[in-house]
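All ligand and atom numbering here is 1-based and tracks the order in the structure.
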Amino acid sequence: MPAKEVRSAKVWRCPICTYDNEDSMSACDICGILRNPLVKSNIQINDVAAPFKFNVPSPDDLVSSGLQSLKMKSKDNQRDTNIPVELELSAKDQESTSASVTRQRGNGVNEKDYAPTSGSIPGMPHRNVNTEAMSSKTGKVEKTIERKTASISDFTPETWMIPETVDGELSQLNLAIVGHVDSGKSTLSGRLLHLSGRISQKLMHKYEKEAKQQGKGSFAYAWALDESAEERERGITMTVGVAFFTSKKYHIVLLDSPGHRDFVPNMISGATQADAAILVVDASMGSFEAGIDATGGQTREHAQLIRSFGVDQIIVLVNKMDVVGYSKERFDFVKQKLGTFLRTCGFKESSISWVPASVMENQNLVANSSDSRLSWLVAAFAAYFVSLFPRFLCVICHAMYRGPFLMDAIDSLQLPARDYSKPLQIPICDVKSQSQSQVSACGKLETGAIRPGLKVLVMPSKEITTVRSLERDSQPCSIARAGDNVTVNLQGIEGNRVTAGSVICHPDYPVQVACQLEMKILVLEISTPIVIGSQLEFHIHHAKEAAKIVKILSLLDPKAGKVTKKSPRCLLSKQNAMVEVALQGPVCVEEYSSCRALGRVFLRASGRTIGLGVVTQIIKTEN
Ligand code: GTP
Ligand code: MG
């Protein structure tokens, strides 16, 4: 069905991205869709009441499918060369786009950007007074936003922002792979991509050959995620690897974290996007013990961090069972020790799944284990179910042979609730400058929804820009909603105005930018007490800033949360407290009560996480 356009005397509105194009344009300046010549010219903008359709293919649908293993932070430009995934504008397109944007800005009628029709752009109530002017000296567009924050309770989502349930459509699940160094996280990620067909046999052979040549044969699967020369040479992950695959129930975004203690800040940046996590544990003698060690084990640190990100469902993959001869005793030992610790982190027993496996020998990942040495697993399950349901022995016996293997455990995870109906907020984890005035920013939508053509605000740079296109799993998409992990291609913005730690938001509901905060914190194991003046690293979503404790307000009772002591002189391990911190530079932040993802804080010092916290009050904003 041809897409209908809407026209007023001087502009026609693109049916795909809602952008108002000049009447002389034969294709949309933003998304490039061809104007439908059959539509009569006297249709008025007000005539359109129905929401736009997004099932019309865009000319940008040039992107082929395949694995995207982009890297957060420094390795963002590395993609699998075998799979073309770029969504490129031709030089001509770029010219016309930028010319058009400049032309509009040159008009200086910014209100038009927000109210191109007699109504507003969907999702864009225009209460703000935004200014945009052409600098006479540089000819560059200067944009500022006058901050008049609307109340979130006033926000009414547009129809397109709320998803319709479509049968057979898979939801996106962000799954962080965490755990101590060398436990097998990247090998697991590579293996899952291979087993699900996202890595071809040919590519796998290539990895195997190259890894062998470098004397790193056992890292062949990990190479799919560990792409940089340094990672491959050192045999460790340094930045979070992102890849996609599909299970029976979910479209999964894998976030392969680095396990080495030096890269915990990178792990934090990636895994804050997680809806659920796989904690990979090395079962072999000594390795499990090193990971759980209180003075530096990352099994422990990652578990604590992931819980404080708000993740409450966890799969513990007890890996390298081949090394311990698939011993039930060893598995039970790991389960008992780690289980006790996970409960102290706040994980409920019922939200933890335990999967013994060998990633190397492909045991218990996507099917029941074929190794007879894992038969105790079946026996253990039989005993468990029979003790629960003795009358339904036959049914249960039939059921027990189906699990538990990793894929089953993944499909048993529940999707967390999504905030579709709040204003848009995307904390940016990674940025790529495509060309002048064109930037690709990656991140997970924490709240709201986004689509091409939408005007958005980038904070803290206060730049208003237009969403040119969206990509999910390297494929162009017409809409993304809370929970989706996407690449947002922005136009009309310089690369240095968007960085990891920036937040893309709704222009009328800018995220706060603060430099002094009150927080409720839990102090982890520390050797030096925290005092007024203590210097810390402050981590929040994908932002990191130097910070100083300026006040210790009170100690709190860990259970009731009541004040047990006012103005203590210092803080010790495991204490709960209210503190005030001053940041060296401003960061995008929200109070935890209004947005959890933007209100969770991690405090680090001397290469260790020393505290977890939530923002209770913003004391000083940027201005
Ligand atoms: P970091 O990212 O650096 O924290 O390491 P990682 O957890 O990603 O570990 P990686 O996947 O790089 O694997 C480390 C080593 O463990 C490699 O040599 C793998 O071959 C090996 N390994 C992974 N899984 C298994 C397994 O099931 N059995 C055995 N024997 N070795 C394994
Ligand atoms: Mg790794």
| query | When the aromatic ring centroids of F309 and F602 are compared, is their separation below 6.0 Å? | reply | yes
| note | Paired with H541, the side chain to side chain contact (heavy atoms under 4.5 Å, CB included) test is passed by just one of I426, L598, V601, namely L598
| task | Please write down residue, atom name and distance for the protein heavy atom closest to atom 9 (O) of ligand 1. | result | G184 N, 3.2 Å
| message | Please list the nearest protein heavy atom to atom 26 (C) of ligand 1 with its residue and the distance rounded to 0.1 Å. | response | M360 CB, 3.3 Å
| field | For atom 24 (N) of ligand 1, the option (of N319, L188, V324) bearing the nearest heavy atom | value | N319
| request: For atom 12 (O) of ligand 1, find the nearest protein heavy atom and state the residue, atom name and distance (0.1 Å precision). | output: F219 CE2, 3.4 Å
| query | Short list, please: which atoms of ligand 1 are under 4.0 Å from a heavy atom of I236? | reply | 3 (O)
| N or O contact, G259 vs ligand 1, cut-off under 3.5 Å | yes
| query | Does one side chain, of H260 or Q298, offer a donor that lies under 3.5 Å from an acceptor on the other? | reply | no
| Just checking, any donor-acceptor pair under 3.5 angstrom between side chains of T609 and E301? | yes
| message | For D282, which part has a heavy atom under 4.0 Å from ligand 1: side chain, backbone, both, or neither? | response | neither
| field | N489-E471 side chain donor-acceptor pair, cut-off 3.5 Å | value | yes
| field | Atom pair CD1 (I306) and SG (C345), whose distance is rounded to the nearest 0.5 Å | value | 11.0 Å
| Side chains of L317 and L279: closer than 4.5 Å at any heavy-atom pair? | no
| remark: Note: V323, heavy atoms under 4.0 Å from ligand 1, region reported as side chain
| said: I'd like to know if the side chain of N266 pairs up with that of T239 as donor and acceptor (distance under 3.5 Å, no hydrogens or angles considered). | reply: no
| task | Could you pull out, from I177, T187, V359, the option with a heavy atom nearest to atom 10 (P) of ligand 1? | result | T187
| task | Considering heavy atoms of the protein only, find what lies nearest to atom 19 (C) of ligand 1 and give residue, atom and distance to 0.1 Å. | result | S218 O, 3.5 Å
| note | for atom 14 (C) of ligand 1, nearest protein heavy atom and its distance come out as D182 OD1, 3.4 Å
| task | Using heavy-atom distances, let me know which of G190, A357, S186 sits nearest atom 8 (O) of ligand 1. | result | S186
| query | For atom 6 (P) of ligand 1, which protein heavy atom lies nearest, and how many Å away is it? | reply | K185 N, 3.5 Å
| said: Students should be able to answer this: which protein heavy-atom is nearest to atom 16 (O) of ligand 1, and at what distance? | reply: K320 NZ, 3.0 Å
| remark: Given the options D419, D275, D484, K444 meets salt bridge (charged side-chain N to carboxylate O under 4.0 Å, His left out) only with D275
| query | Taking N or O atoms only and a 3.5 Å limit, does T237 qualify as a polar contact for ligand 1? | reply | yes
| task | Work out the angle at the Mg ion (ligand 2) between OG1 of T237 and OG of S186, rounded to 10°. | result | 90°
| Side-chain heavy atoms of L612 within contact of L305, under 4.5 Å | yes
| message | Could you identify the single nearest non-hydrogen protein atom to atom 28 (N) of ligand 1 and state the distance to 0.1 Å? | response | D322 OD1, 2.9 Å
| task | Would you check if there is a donor-acceptor pair between the side chains of S189 and S186 at a distance under 3.5 Å? | result | no
